Amino acid sequence: VLPGWFSEISPLWPGEAHSLKVEKILFQGKSDYQNVMVFQSSTYGKVLVLDGVIQLTERDECAYQEMITHLPLCSIPNPKKVLVIGGGDGGVLREVSRHSSVEQIDICEIDKMVVEVAKEFFPDVAVGYEDPRVNLHIGDGVAFLKNVPAGTYDAVIVDSSDPIGPAQELFEKPFFESIARALRPGGVVSTQAESIWLHMHIIEEIVANCRQIFKGSVNYAWTTVPTYPSGMIGFMLCSTEGPAVDFKNPINPIDDESGPKTIAPLKFYNSEIHQASFCLPSFAKRVIESK
Ligand SMILES: NCCCN[C@H]1CC[C@H](N)CC1
């Protein structure tokens, strides 16, 4: 390992490792679920690492948090009740709070240390917790969803880490079934769905499961995140049977005037990139749109 550099080595992306130059290690801890580290990078601001995997950097987190949130919420009229599974850093909460129609934001994060570390080292990300509509639950999202009455939510956002460690069950069929049950007819779900360059096999299985479970629409969109493996990440955008949802044409626009004045303007999302994000290269289209 190069001195003064952090390299992201994982069996989920064999033979490659993105590296960031380290100025200073700011935090290292072991929670009940994973190793947690924060370091000051030379060029991407502060970086949050869980079990050796980059979760977010101050410089490019906007691309992920804004897209995973606004792709679903801008596709339905007047979202009111939103559930976030994972997302303990608070970035998705910050983005949900831009939607004035939202009345209730529930979040279920399994690891309390992630919340505490985000509040201490990433205040511009954890600012999302300051919204009075937010209800934080520390626990397993699978168990949380079992206690949710059917048809409760307009939208569910699954901001998970990778299917290694605590997030593994968030990529499995029973979990998707519990999300479909928790959503109202025509409700929408947005999930972290890995990289078309690295994980076509995982995506193929997720798409097959979603097509069986979500009888509205099933779509895959993607964004660029320089510090994620292969420099990109995708999302499953699905809706339950009911009022049709056309994810590719945002009907509920969001702009810089939306939301609390305490959060910075949108850095990444806009309606054009919303539409563009569903355009796929042929090798991915062949697998995702044929399933
Ligand atoms: N809210 C932080 C984003 C967490 N998302 C994942 C982190 C790990 C990556 N390999 C994939 C995205």
Side-chain angles (χ1 to χ4, degrees), residues 6-14 16-20 33-38 44-72 82-97 105 107-111 113-119 121-129 134 136 141 156-171 190-200 202-203 206 220-236 267-269:
F6 167 82
S7 294
E8 189 187 44
I9 294 166
S10 166
L12 269 178
W13 36 92
E16 60 186 272
H18 185 254
S19 301
L20 288 173
Y33 299 94
Q34 53 207 338
N35 290 303
V36 180
M37 175 175 63
V38 178
Y44 276 81
K46 291 196 274 302
V47 183
L48 174 64
V49 179
L50 298 179
D51 280 347
V53 176
I54 294 173
Q55 302 297 306
L56 66 90
T57 81
E58 287 180 311
R59 180 169 162 191
D60 66 3
E61 55 91 8
C62 59
Y64 175 91
Q65 322 274 21
E66 292 181 23
M67 291 295 274
I68 198 172
T69 304
H70 302 309
L71 289 178
V82 179
L83 169 62
V84 179
I85 302 287
D89 52 69
V92 167
L93 299 177
R94 177 193 68 205
E95 296 308 315
V96 176
S97 75
I105 310 171
I107 175 170
C108 184
E109 163 61 52
I110 201 162
D111 193 343
M113 187 180 278
V114 171
V115 178
E116 290 157 356
V117 163
K119 289 180 176 177
F121 296 100
F122 299 89
D124 296 339
V125 180
V127 62
Y129 284 105
V134 171
L136 170 61
V156 176
I157 298 168
V158 185
D159 173 15
S160 71
S161 49
D162 298 304
I164 280 191
Q168 190 148 355
E169 57 186 347
L170 304 185
F171 289 80
S190 170
T191 79
Q192 189 269 98
E194 301 296 0
S195 162
I196 56 176
W197 277 118
L198 301 172
H199 306 121
M200 234 25 260
I202 296 177
I203 294 167
I206 293 173
Y220 187 91
W222 58 288
T223 187
T224 88
V225 185
T227 58
Y228 280 169
S230 78
M232 64 153 66
I233 189 110
F235 312 101
M236 286 309 300
K267 292 185 187 136
F268 193 93
Y269 178 86

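Quick note: residue numbers are just sequence positions, from 1. All values reported here derive from a predicted model rather than from experimental measurement. When a ligand or atom number is given, it counts from 1 through the structure's own listing order. Side chains are part of it too, since the values below use all heavy atoms of this structure and drop only hydrogens, waters and symmetry mates.
Note that CD1 of Ile233 and CG of Asp162 are 6.5 Å apart. Values are rounded to the nearest 0.5 Å. For the atom pair CD1 of Ile157 and CD of Gln65, the computed distance is 10.0 Å after rounding to the nearest 0.5 Å. Atom OG1 of Thr223 and atom CG of Leu71 lie 8.0 Å apart (nearest 0.5 Å). The distance from atom CD1 of Ile54 to atom CD of Glu8, rounded to the nearest 0.5 Å, is 4.5 Å.
Checked against a 3.5 angstrom limit, the closest N/O atoms of Glu8 and ligand 1 fall outside it. The distance criterion of under 3.5 Å between nitrogen or oxygen atoms is not met by Trp13 with respect to ligand 1. Considering backbone and side-chain atoms alike, Gln192 places every N or O at 3.5 Å or more from each N or O of ligand 1. Remark: ligand 1 and Ser161 share no N or O pair separated by less than 3.5 Å (distance only, no angle test).
The shortest non-hydrogen separation linking Ser190 to Phe235 is OG-CB, 4.4 Å. Looking at every heavy atom in both residues, Tyr44 comes nearest to Pro226 through OH-CB, 3.6 Å.
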- [ ] Quick one: do Gln55 and Asp89 satisfy side chain to side chain donor-acceptor pair (under 3.5 Å)? Show the steps, please.
- [x] CA-CA 9 Å; Gln55 302 297 306; Asp89 52 69; over 6 Å; no
Begin from the C-alpha positions of Tyr269 and Glu95 and carry the test side-chain contact (heavy atoms from CB on, under 4.5 Å) through to its verdict. CA-CA 10 Å; Tyr269 178 86; Glu95 296 308 315; over 6 Å; no
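For ligand 1, the atoms sitting less than 4.0 Å from at least one non-hydrogen atom of Val53 are 8 (C), 10 (N), numbered in the order shown with element in parentheses. Ligand 1 places these atoms under 4.0 Å from at least one heavy atom of Ile233: 11 (C), 12 (C). Close approach to Asp89 involves these atoms of ligand 1, each under 4.0 Å from a residue heavy atom: 1 (N), 2 (C). Interface of Ser160 with ligand 1, defined as ligand atoms under 4.0 Å from a residue heavy atom, comprises 4 (C), 5 (N), 6 (C).
In terms of protein heavy-atom proximity, atom 10 (N) of ligand 1 is nearest to Asp162 OD2, 2.7 Å. Here the heavy atom of the protein found nearest to atom 7 (C) of ligand 1 is Gln55 OE1, 3.3 Å. Looking only at protein heavy atoms, the nearest one to atom 3 (C) of ligand 1 is Tyr228 OH, 3.1 Å.
Contacts between Ile54 and ligand 1 below 4.0 angstrom, taking non-hydrogen atoms only, involve the backbone exclusively.
At least one heavy atom of Gln65 sits closer than 4.0 Å to an atom of ligand 1.
Ring geometry, Tyr64 versus Tyr228: the interplanar angle exceeds 60°, so the pair is classed perpendicular (tilted spans 30 to 60°).
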